[in-house]
Amino acid sequence: MLDCVIVGMNEQAFDPYAKRQELLKDHSGSYEEILTNSIRMDGRYYTSIEFMNCLLGELTSSEWKLNLFETSNMGVFYLTCFLRKHHLDTELVNHYNTGKEKLFRWLAEGVRCIAITTTFYVTDEPVMEIIRDIRKLDQTVKIIVGGPRIYDIYTSYPKAKRDLALGRIGADYYIVDSQGESALCRLVGEIKRKEGREIPAAPNVIAVENGHVSDCVQVRENNSLDGNVMDWDLFDRKEYGNVVYMRTTRGCRYSCAYCTYPQFAGNYECCSLESVEREMDQLKQKGVKYIIFIDDSFNIPLQRLQAVCEMMLRKRYGFRWLSFFRCVKTDRDTVRLMKESGCIGVYLGVESLNRRVLLNMRKADIDYMTCSSLFAEAGILTLGSFIVGFPGETEETIRETVRMFRECPTTFYNPQLYYHSKMAPVNGRKDEFQLKGNGYSWSHGTMDWKEAVYWKNYMIRQVDNSILLPLYGSGIWALPYLFENGVTLDFFMDYSRRVSGCIRDYAAGGTGKTKEQTFRYFDGINLDGMNGAD
């Protein structure tokens, strides 16, 4: 029997999700986020990649099935690697929608337990759907769920509501820790040894039996990064493609007021340069072409970024890579070094260009204008991410942000409505900011979510020298996957400009159009070099 199968993303259909959010449009800004991150055609909502498939199918008379979630899921591969290192017979399902038949086949042959990750989920339905599918085939296999969604439920809900939520999800065990890999490894080992007998209580594990939800003894895990570097020799080359995610740090050195990541991720820690080199040696040997670094601020500290780039140049890996980049003081030599070592794009968490709002965000150290100019000069693609409506935001602050951004734009940008999490540090100042509500339904002393919707649309209408890049199933991280599947950069840029024009029309009061009307935006698009059709 297999000891464990790790299950990744269960992608939910976008159109039904969008229509559910439409029902809430008078009570929450969630629907407005849909409108500025999708294309509406013939009464249906499409993500940017879904519409690209539709358009290319029409223009090439071939079927296109591009899906970013086919890229190797970092959490799935890391957990699989961790269990395999501990001699547990483990398989993986990277993308549930396209890999479920493989899972069902393993279930028929015999599996002791299934572990479901929750990295991308903000609701429980995707996990519940996986569990329902499994239970139709096997009532006895143990199901384990962990990750950010479970950690959020455990830390945010009172006990009665938490127990109700976990009971409703339907798993046998839940892992509660910001890391959790050691708890998972121990639990899988116990399930293997006990073979159906009672499993003893263990730190960071909640058990559900006959409707009873056990208590959890939390003991913070501190798994060494250097001791748990990905070992790609433990995988068959067919299990992953030419694009991989990679981390060289854990946690974040900052504590931005809107962000809950540091609370979840724990203390900041760096891999040694030797560990980074060892993993890259393997990736080069395996023929991997693209690396997406998931470190929250890959350029912090700056000397470490420079050392990684110099090592990549010295070893002549030839990788092309992308990363997050915090807009703090940098210089032309560093950006040149990034370019020479293979950097093709960076994600800049700009958030605002007004100093008062940045002070409220605990982000007053940013030097956006210098960073953006240097990347443009070097020919590195940039995505600028903005938050509209953070406490302290006013008409004056957003107008200043728009004016400065128009003077010095990024290649791509995406403005997002402020989302208020009660776990975020800013909630500690809720009385000072007169902050009420949560999620996309909030108000504070200078703005509410409905006003923020207006100013977000104002930004979209005013910015015509940067490309609005929808984030659902796309974003700058999509580039390596698209390149590997026959999409050219020229096509992506042209396509994205036209999508940006569609969304700008929505922001100006436009509505969804027919297929014929929508396709007119894309008349004359250049298909030279496109060869990714099935």
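Residues D528 and D490 have side chains not in contact (no heavy-atom distance under 4.5 Å, counting atoms from C-beta outward). With contacts defined as side-chain heavy-atom distances shorter than 4.5 Å, the pair C343/S323 does not qualify. A 4.5 Å side-chain heavy-atom check between L66 and L482 finds at least one atom pair inside the cut-off. When side chains are defined from C-beta on, I344 does not count as touching L381, because their heavy atoms never get closer than 4.5 Å. Side-chain contact between E91 and T80: absent, with no pair of heavy atoms (C-beta onward) separated by less than 4.5 Å. E484 has its side chain out of reach of Y481: every pair of non-hydrogen atoms, C-beta onward, lies at least 4.5 Å apart. Between R304 and N299 there is no side-chain heavy-atom pair separated by less than 4.5 Å. The side-chain heavy atoms of V127 and T118, taken from C-beta on, include a pair separated by under 4.5 Å.
The shortest non-hydrogen separation linking F69 to N94 is O-ND2, 3.4 Å. Listed here is the closest heavy atom pair of C371 and T330: SG-CG2, 3.7 Å. The two residues D226 and S275 make their nearest non-hydrogen contact at OD1-OG, 2.7 Å. Among all heavy-atom pairs drawn from V93 and L103, the shortest one is CG2-CB, 3.9 Å. In terms of heavy-atom proximity, C271 sits nearest to V276 at CB-CG2, 4.1 Å. Looking at every heavy atom in both residues, N73 comes nearest to G8 through ND2-CA, 4.4 Å.
Atoms CG and OG1, on N354 and T394 in that order, are 7.0 Å from each other to the nearest 0.5 Å. H95 contributes atom NE2, which lies 7.5 Å from atom CG of N10 (distance to the nearest 0.5 angstrom). A distance of 5.0 Å separates CE of M312 from CD1 of I291, quoted to the nearest 0.5 Å. Here CD of Q462 is found 11.0 Å from CG of N465. Values are rounded to the nearest 0.5 Å. Here the CG atom belonging to N242 is positioned 9.5 Å from the CG atom belonging to N485, to the nearest 0.5 angstrom. How far CZ of F522 is from CZ of F519: 8.0 Å, rounded to the nearest 0.5 Å.
Residues R40 and Y46 bring no donor and acceptor atom of their side chains to less than 3.5 Å of each other. With 3.5 Å as the limit, one finds no donor-acceptor pair spanning the side chains of T249 and E269. Defined by atom type and a distance below 3.5 Å, a donor-acceptor pair is present between the side-chain atoms of D281 and Y317. Using a 3.5 Å distance cut-off with no hydrogens or angles, the side chains of D231 and Q282 do pair a donor with an acceptor. In summary, the side chains of D296 and Y254 do not present any donor paired with an acceptor at a separation below 3.5 Å, with no hydrogens or angles considered. For the residue pair T98 / E70, no side-chain donor-acceptor distance below 3.5 Å is found, with atom types taken as modelled. In summary, the side chains of N223 and Q179 do present a donor paired with an acceptor at a separation below 3.5 Å, with no hydrogens or angles considered.
Within a 6.0 Å sphere centred on CZ of R237, heavy atoms belonging to other residues, nucleotides or ligands number more than 12. Residue R355 places its CZ atom among 12 or fewer non-hydrogen atoms of other residues, nucleotides or ligands, all under 6.0 Å distant. K329 NZ: 12 or fewer foreign heavy atoms inside a 6.0 Å radius.
Using modelled atom types, no side-chain atom of T397 and backbone atom of E393 make a donor-acceptor pair closer than 3.5 Å. Of the possible polar contacts, none joining the R461 side chain to the D505 backbone as a donor-acceptor pair under 3.5 Å is found. Using modelled atom types, one side-chain atom of T410 and one backbone atom of F412 make a donor-acceptor pair closer than 3.5 Å. Of the possible polar contacts, none joining the R149 side chain to the F120 backbone as a donor-acceptor pair under 3.5 Å is found. A donor-acceptor contact shorter than 3.5 Å links the side chain of S500 to the backbone of L468. With T117 contributing its side chain and V7 its backbone, the two residues share a donor-acceptor pair below 3.5 Å. The main-chain N or O of M338 is found under 3.5 Å from a side-chain atom of S341 such that the two form a donor-acceptor pair. Between the S373 side chain and the M369 main chain, a donor and an acceptor come within less than 3.5 Å of each other. For the pair S61 (side chain) and G57 (backbone), a donor-acceptor distance under 3.5 Å is absent.
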Does the side-chain contact (heavy atoms from CB on, under 4.5 Å) test come out yes or no for V229 and R278, once each step is laid out?
CA-CA 9 Å; V229 173; R278 188 165 66 250; 4.1 Å; yes
Should F77 and L92 be marked as a side-chain contact (heavy atoms from CB on, under 4.5 Å) after you check the CA-CA gap, both sets of side-chain angles, and the distance that decides it?
CA-CA 8 Å; F77 276 78; L92 65 90; 4.0 Å; yes
side-chain hydrogen bond (donor to acceptor under 3.5 Å, both in side chains) between T260 and S421: does it pass, once the steps are laid out?
CA-CA 8 Å; T260 61; S421 169; 5.1 Å; no
Evaluate N37 against N414 for side-chain hydrogen bond (donor to acceptor under 3.5 Å, both in side chains), listing each step before the verdict.
CA-CA 9 Å; N37 284 282; N414 190 281; 3.1 Å; yes
Might you work through the side-chain contact (heavy atoms from CB on, under 4.5 Å) test for M361 and C256, ending with a clear yes or no?
CA-CA 6 Å; M361 290 179 170; C256 298; 5.7 Å; no
Where do F319 and L283 land on the side-chain contact (heavy atoms from CB on, under 4.5 Å) test, with the steps shown first?
CA-CA 9 Å; F319 299 127; L283 294 174; 3.9 Å; yes
Check step by step if salt bridge (Lys or Arg N to Asp or Glu O under 4.0 Å) holds for D295 and R250.
CA-CA 7 Å; D295 305 18; R250 180 169 56 211; over 6 Å; no
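Relative ring orientation between Y78 and F82 is described as tilted, the plane-to-plane angle lying within the 30° to 60° band.
With respect to the salt-bridge test (charged N to carboxylate O, under 4.0 angstrom), the residues E407 and R403 qualify. Taking 4.0 Å as the cut-off between side-chain N and carboxylate O, R84 and E239 count as a salt-bridged pair. A salt bridge is defined here as a Lys NZ or Arg NE, NH1 or NH2 lying under 4.0 Å from an Asp or Glu carboxylate O, and E277 with K315 meets this definition. Between E310 and R314, none of the side-chain N atoms (NZ, or NE/NH1/NH2) sits under 4.0 Å from a carboxylate O, so this pair counts as no salt bridge.
The cationic group of R247 does not satisfy the cation-pi geometry with F293, failing either the under 6.0 Å distance to the six-membered ring centre or the 45° limit from the ring axis.
Residues F405 and F386 place their aromatic rings such that the two centres sit under 6.0 Å apart. In summary, the aromatic rings of F325 and F298 are positioned with their centroids too far apart to meet the 6.0 Å limit. Taking the six-membered ring for Trp, Y290 and W477 have ring centres at least 6.0 Å apart.
The stretch residues 359-380 participates, sequence neighbours left out, in these salt bridge (charged side-chain N to carboxylate O under 4.0 Å, His left out) pairs: R326-D365, R332-E377, E351-K363.
With F390 as the partner, the ring-ring contact (aromatic ring centres under 6.0 Å, His included) test is satisfied by one option alone out of W455, Y419, Y418: Y418.
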